[in-house]
Amino acid sequence: MTEDQVEDAVKAKGLTGQRVTREQIDGLTQSMLTLTHRFPGTTCTVAIAVLPNGFVAGIGKSAAADPANFDAEIGVRVAIDNAHKDARDRLWEMEGYVLKKAIAAAPQ
C-alpha cells in the first residue's frame, strides 16, 4: 500500500491511536542533506541522505551496465532518488520504534 492508501484506510476505519504521521516523515526528509560521490573511472555513483544530527538515514546508488549509456547527471539523480526512498522507509521504521518505546514506557 502507498502512504496515501494507508492514511485513507486508517481514516476510513476511524482509528485514533497514536501513530507516526506522514507530516513527521516529510519534516525529517525535508531537513536532510544529500551528498553524492562518483567513483572516477566507473559508472558508479553513490548518495547518502544525512539528517541534521549527522545520522545517515539512507543510502542510494546507481551505475550503468554499459558505459556507453552512462550520464553523470542521470546517475546522480538516480542515486539521490534511491537514497531518499531508502531514508523514507527507514525513517518510518525508526520513528515507529521510538513511538512504540514511548507507548510501552507510559503508565497504563
Side-chain angles (χ1 to χ4, degrees):
M1 292 179 83
T2 67
E3 290 177 13
D4 288 338
Q5 290 170 325
V6 172
E7 184 69 20
D8 291 345
V10 168
K11 287 180 180 176
K13 292 192 176 269
L15 303 175
T16 60
Q18 297 178 64
R19 62 190 176 97
V20 177
T21 65
R22 185 178 12 190
E23 290 78 17
Q24 286 173 268
I25 302 303
D26 288 346
L28 289 167
T29 59
Q30 289 169 5
S31 73
M32 292 186 307
L33 170 66
T34 306
L35 304 168
T36 61
H37 177 75
R38 178 171 165 256
F39 291 90
T42 74
T43 65
C44 180
T45 303
V46 295
I48 59 172
V50 183
L51 293 171
N53 67 3
F55 184 82
V56 175
I59 301 169
K61 61 186 181 298
S62 69
D66 184 342
N69 290 328
F70 177 70
D71 179 272
E73 182 182 327
I74 293 171
V76 166
R77 288 194 334 238
V78 170
I80 289 171
D81 188 49
N82 288 337
H84 287 191
K85 287 177 188 172
D86 184 45
R88 193 165 187 90
D89 289 345
R90 292 181 66 205
L91 287 167
W92 276 107
E93 291 177 11
M94 290 185 292
E95 291 298 306
Y97 169 78
V98 169
L99 177 58
K100 181 71 174 175
K101 190 174 177 179
I103 290 169
Q108 299 296 325

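Worth saying up front: this structure is predicted, and the values here are computed from it rather than measured.
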Original post:
Should E73 and V76 be marked as a side chain to side chain contact (heavy atoms under 4.5 Å, CB included) after you check the CA-CA gap, both sets of side-chain angles, and the distance that decides it?
Top reply: CA-CA 5 Å; E73 182 182 327; V76 166; 6.0 Å; no
Subject >> Full working for salt bridge (Lys or Arg N to Asp or Glu O under 4.0 Å) between D81 and K85 >> reply: CA-CA 6 Å; D81 188 49; K85 287 177 188 172; 3.1 Å; yes
Original post:
Would you call T29 and M32 a side-chain contact if the rule is heavy atoms closer than 4.5 Å?
Top reply: yes
Original post:
Taking only residues two or more places apart in sequence or in another chain, which ones pass side chain to side chain donor-acceptor pair (under 3.5 Å) with E93?
Top reply: none
What side-chain donor-acceptor pairs closer than 3.5 Å can you find for residues 39-59, not counting sequence neighbours?
| from | atom 1 | to | atom 2 | distance (Å) |
| --- | --- | --- | --- | --- |
| T42 | OG1 | F39 | O | 2.6 |
| T42 | OG1 | C44 | N | 3.0 |
| T43 | OG1 | A64 | N | 3.1 |
| T43 | OG1 | A64 | O | 2.9 |
| N53 | OD1 | F55 | N | 2.9 |

Original post:
For the residue pair V10 and R19, what are the closest heavy atoms and their distance?
Top reply: CG1-NE, 3.8 Å
Original post:
Rounded to the nearest 0.5 Å, what separation is found between the CG atom of N82 and the NZ atom of K61?
Top reply: 7.5 Å
**OP:** Could you tell me the separation between the CG atom of D4 and the CD atom of E7, rounded to the nearest 0.5 Å?
**Re:** 8.0 Å
Subject >> Spatial distance of atom NE2 (H84) from atom CG (L91) [nearest 0.5 Å] >> reply: 10.5 Å
Original post:
Say you draw a straight line from NZ of K100 to CD of Q18; how long is it, rounded to the nearest 0.5 Å?
Top reply: 10.5 Å
**OP:** Check whether L28 and M94 end up in the same hydrophobic cluster, where Ile, Leu, Val, Met, Phe, Trp and Tyr are linked by side-chain heavy atoms less than 4.5 Å apart.
**Re:** yes
**OP:** Sort and list the pairs that fulfil salt bridge (charged side-chain N to carboxylate O under 4.0 Å, His left out) and have at least one residue in residues 24-38, not counting sequence neighbours.
**Re:** D26-R88
Original post:
Going only through I, L, V, M, F, W and Y residues with side-chain contacts under 4.5 Å, is there a path from L33 to I80?
Top reply: no
Subject >> Single-linkage hydrophobic cluster W92~I103, side-chain heavy atoms < 4.5 angstrom >> reply: yes
Original post:
Closest approach of V6 and M1, non-hydrogen atoms and distance?
Top reply: CG2-CB, 3.8 Å
